Amino acid sequence: MPALHARKAPDTLPARPVQEYRKLETRVESASDVCIVRVHGRLDFGSSASFQQELEQLISARPRGCVIDCAALEYVSSAGLRVFLVAARAAKAQGIGFAVCALEPVVREVFDISGFNRIIDIKSTVDAALTSLAAPRP
Amino acid sequence: MIHDRINVEVDPDAPRRLAAFIEDFCSRAGIAADLRFPFDLALEEISVNLLTHGAASDRTPRHLTAEVSLSEDRLELRILDDGPAFDPLTLPPPDVTSQLESRQVGGYGLHLLRSMMDEVEYTYAVGLNALRLAKRVPCKADH
């Protein structure tokens, strides 16, 4: 590719800090046969496949419900949205309740713009999600 | 104005390197994570698209250059790549109203970018796709 204008970073920028790329970490808990998946970090191209596999395994164990706690989810791309969509479909097909909760504002914005707020149950807290899953289903 | 740039070969590790690049720039420039988000997203969506749909027939890697600049409170990102000519702005937006069962699983990345950025412009010249994205990012940093 043709060389672009070489630019030197101006001296006014602070020194580069050592940044450790944040991956996605998950922790699974269970309460009254509902699995609660707490996600931390980035749900992106690099982490979506293993997260999808993890959710598929959890859902195939047929819990009563599955709640994704997104309080520490910093980033979600279209690759990450796909995981939520596939998991929500798999859960619905098996009659398992599925909800996401505690979305950071920017993650909530992604859900709203993509219309995922219309197809995936979004709750403000884990407790609200558990209460919703405990309620009789229409 | 402060600016930085990165050149990467588009391999499966490229999205991660680009994410680290924009995070590093924004961290040094005092731009908060939520304001960085659409720029982070742009680099992932474009590089992943190139990785999955833009392979060369001889399988030599594509190249991508990202240039980011902050002028007062306007953050601009230019993404140039030598993949096949492709104007992402011509893609029809996904139907965001359809039901769970009929919902398309992809196509949200560019829709998100168009919605979250203030300015999006595509050009193609001298064999390069060039996408320019800009957004106002009120920041506290003293430049």
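Naming: A, B, ... by sequence-line order, numbering from 1 per chain. Quick caveat, the model's predicted, so the values are computed rather than measured.
- Residues A:V86 and A:V110 do not share a hydrophobic cluster, defined by chaining ILVMFWY side chains whose heavy atoms lie under 4.5 Å apart.
- Separation of atoms CG (B:L18) and CZ (A:F45) is listed at 12.0 Å; rounding is to 0.5 Å.
- Only the backbone of B:S98 comes within less than 4.5 Å of a heavy atom in chain A; its side chain stays farther off.
- For B:H111 (side chain) and A:I113 (main-chain N/O), a donor-acceptor pair under 3.5 Å exists by modelled atom type.
- Atom CG in A:D44 sits 8.5 Å away from atom CG in B:D40 (nearest 0.5 Å).
- Within the 4.5 angstrom heavy-atom criterion, only side-chain atoms of B:V48, from C-beta onward, approach chain A.
- Between A:Y75 and B:E44, some side-chain heavy-atom pair lies under the 4.5 Å cut-off.
- For the set B:Q104, B:Q99, B:E101, the entry with the most heavy-atom pairs within less than 4.5 Å of chain A is B:E101.
- No donor-acceptor distance shorter than 3.5 angstrom exists from the side chain of A:R42 to the backbone of B:A19, with no hydrogens or angles considered.
- With hydrogens and angles disregarded, a donor-acceptor distance shorter than 3.5 Å links the side chain of A:R89 to the backbone of B:L100.
- Counting heavy atoms from C-beta outward, B:M116 and A:V106 have side chains that approach closer than 4.5 Å.
- In this structure, the portions of A:L85 lying under 4.5 Å from any heavy atom of chain B include both its backbone and its side chain.
- Residue with the most contacts toward chain B among A:S78, A:A93, A:A79: A:S78 (heavy-atom pairs, distance under 4.5 Å).
- A perpendicular orientation is assigned to the rings of A:F116 and B:Y108, their planes being inclined by more than 60° (bins at 30° and 60°).
- Highest contact tally toward chain A, considering only B:T97, B:D95, B:D13, is held by B:T97 [criterion: heavy-atom pairs under 4.5 Å].
- To the nearest 0.5 Å, the span separating OG on A:S77 from CG on B:L43 amounts to 12.0 Å.
- Only the side chain of B:L51 comes within contact range of chain A, with at least one heavy atom under 4.5 Å from a heavy atom of that chain.
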